[in-house]
There are 2 protein chains.
Amino acid sequence: MDNKSLILNNIGKWINLTEAEADHFTSLLKPVTAKRKELILEAGEICRYSYFVTSGCLRGYTIDANGFEHVLNFAAPNWWIADMYSLLSQRPGNTYIQALEPTSTLALSKDAQERLYREIPAFERFFRIITENSLVSFQQRLLDNLSLTAEERYQNFCKRYAGLTDSIPAKQVASYIGVTPEFLSKMKHKLLYKK
Amino acid sequence: MDNKSLILNNIGKWINLTEAEADHFTSLLKPVTAKRKELILEAGEICRYSYFVTSGCLRGYTIDANGFEHVLNFAAPNWWIADMYSLLSQRPGNTYIQALEPTSTLALSKDAQERLYREIPAFERFFRIITENSLVSFQQRLLDNLSLTAEERYQNFCKRYAGLTDSIPAKQVASYIGVTPEFLSKMKHKLLYKK
DNA sequence: TCGATTTCTTAATCTACATTAAGCTCGGAA
DNA sequence: TTCCGAGCTTAATGTAGATTAAGAAATCGA
């Protein structure tokens with residue numbers, strides 16, 4: 001399946017498009033690729049695109065006042081990623097988006113997205129639905145951070161991102177679940193031997 | 001301003017409705033009130049409404065495996081609240097919604113909401129936008145929990161909910177920022193005398 | 001191919017916050 | 001008006017996870 005089929009398939013789970021609409025939509029997409037470790041968005045920039053990952057893997061993260069990184073999300077193939085705050089407000093954001101490995105995306109510009117809303121109202125529905133799903137999972141993650149131990153969060157992570165556990169460096173898994181790499185290392189050892 | 005004007009005003013910030021559309025919309029709303037401490041949604045139930053608060057204050061919270069409460073959100077007048085997971089999936093949720101004081105809401109049923117999407121597509125846009133805003137603020141709160149100290153989170157909370165700081169019991173402020181009431185008490189003492 | 005970063009691990013020590021426990025305060029029910 | 005239970009405070013003690021440090025392993029640039 002080529003990249004445009006992949007994204008149409010993804011959208012087709014939620015809304016129906018005519019062939020003409022589908023063609024129009026794909027004509028708005030711009031292929032964007034990134035090498036391993038390359039940044040496709042940096043803090044301080046205005047986020048002008050939503051990225052749909054077709055291969056590889058991206059991560060979104062911020063750097064706090066003390067210089068520590070915090071991973072907000074990973075985006076494997078079939079996922080969308082953007083700095084939502086910056087994309088919506090068109091103000092400089094505080095998110096970095098980086099490729100963990102060579103990655104291909106289809107980028108939809110903010111302008112094109114707004115145009116889609118006007119021309120094909122079903123896209124309003126599509127983005128409403130994926131935003132709702134994202135909201136639910138961030139709410140759950142917040143509650144998990146408040147109520148689960150680091151070990152439970154790590155096990156959740158392994159289930160949730162089962163396919164990616166190997167391609168994501170431990171350091172960044174630690175950052176996602178909210179512990180130091182040292183403590184993650186200790187937990188892995190413990191889970192391996194004690195259980 | 002009466003309650004229906006309040007909600008139309010709120011919606012009017014994002015979309016324009018004809019008078020007929022506005023009337024149709026308000027005809028779908030069901031007034032729901034709750035006494036202090038009354039639950040309008042309990043864990044295990046299916047959430048069938050989004051609630052728009054017109055007066056008073058609600059809080060959404062869960063109870064974890066160890067019996068501890070975690071406050072997901074507060075809803076002051078002009079805010080919407082629901083158990084998004086349950087509302088979207090129409091499956092039993094794990095959220096309680098409780099009145100902190102005598103509260104009036106306008107409830108929009110899931111059915112009515114779906115009907116609105118079909119009849120007045122602008123509502124698709126409205127709910128997309130408020131869901132996006134909610135997503136941004138939950139992402140920020142997650143990052144705050146990962147990067148700020150409890151003291152910084154408390155000060156953020158005081159700014160964000162400036163108008164409510166008094167009407168929300170300390171116990172629930174503690175639960176929102178993710179500390180025990182004992183530790184919040186200590187922080188308040190410290191901020192009062194040391195600073 | 002090989003030094004130089006960067007990442008991962010192990011271990012000692014430290015600290016922010018939790019737990020436990022006890023007394024205090026206050027609004028509400030009888 | 002009194003009592004009672006819930007919320008708030010203070011303080012002693014406990015602990016999950018951070019910090020620091022240093023060596024081992026993987027990755028990278030030239």
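Every chain is numbered from 1, with letters handed out A, B, ... down the list of sequences. All heavy atoms count here, side chains included; hydrogens, waters and symmetry mates do not. These figures come from a predicted structure and were not determined experimentally.
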Five pairs at each end of the helix from C:dT1-D:dA30 to C:dA30-D:dT1: take the axis at both ends and give me the angle between them to 10°. 50°
Earlier contact from the 5' end, DNA chain D, for A:K37 and B:P169: B:P169
Whole-Å distance between C:dT7 P and A:I168 CD1? 15 Å
With the side chain of B:V179 defined as its heavy atoms from C-beta on, choose the nearest nucleotide among C:dA18, D:dA6, C:dC8. C:dA18
Looking only at side-chain atoms of B:A150, point me to the closest of C:dC8, C:dC17, D:dC8. C:dC17
Any ion pair linking A:K186 and A:E151 (charged N to carboxylate O, less than 4.0 Å)? no
Interatomic distance where CG belongs to B:L184 and P belongs to C:dA18 [whole Å]: 10 Å
Side-chain ion pair, A:R128 and B:E124, N-O less than 4.0 Å: yes
Take the protein atom CZ of B:F183 and the nucleotide atom C1' of D:dT13, then report the distance between them rounded to whole Å. 15 Å
Please report the distance, rounded to the nearest Å, between NZ in A:K171 and P in D:dT27. 15 Å
Would you please indicate yes or no on a ring centroid separation below 6.0 angstrom for B:W80 and B:F127? yes
Tell me, please, whether B:Y117 has B:R125 positioned over its six-membered ring: NZ or CZ under 6.0 Å from the ring centre and within 45 degrees of its axis? no
CG of B:N145 versus P of C:dC17: gap in Å, rounded? 11 Å
Separation of D:dC8 P from B:K190 NZ (nearest whole Å): 21 Å
What I want to find out is whether B:R91 reaches B:E45 closely enough, with some N-O distance under 4.0 Å, to be called a salt bridge. no
Mind listing the residues from residues 59-69 of chain B sitting with a heavy atom below 4.0 Å of DNA chain D? Number order is fine. none
Between A:E38 (CD) and D:dC28 (P), how many Å, whole number? 15 Å
Under 3.5 Å, is there a donor on one side chain and an acceptor on the other for A:D144 and A:Q140? yes
Nearest to the side chain of A:E182, heavy atoms from C-beta on, is which of D:dA21, C:dA18, D:dC8? D:dA21
Looking across every strand, which nucleic acid part, if any, lies under 4.0 Å from B:R36 by heavy atom: base, sugar-phosphate, or nothing? nothing
Check for me whether the distance between the ring centres of A:Y61 and A:Y176 falls short of 6.0 Å. no
Given D:dT27, D:dC8, D:dG17, which nucleotide is nearest the side-chain atoms of B:A170? D:dC8
Strictly by modelled atom types, are B:Q172 and B:S175 linked by a side-chain donor-acceptor pair under 3.5 Å? no
Comparing B:T149 with A:P181, nearest DNA chain C nucleotide closer to 5' gives the residue A:P181
Side-chain donor-acceptor pair under 3.5 Å between A:S147 and B:D64, yes or no? no
Roughly, in whole Å, what's the span from NZ in A:K186 to P in D:dA21? 17 Å
By nearest heavy atom, map B:T180 and A:S185 onto DNA chain C; which one lands nearer the 5' end? A:S185
Of the listed C:dT10, C:dT19, D:dT9, the closest approach to the A:H189 side chain comes from C:dT10
Is it the case that the side chains of B:K30 and B:Y49 hold a donor-acceptor pair, with the cut-off being a distance below 3.5 Å and no angle test? yes
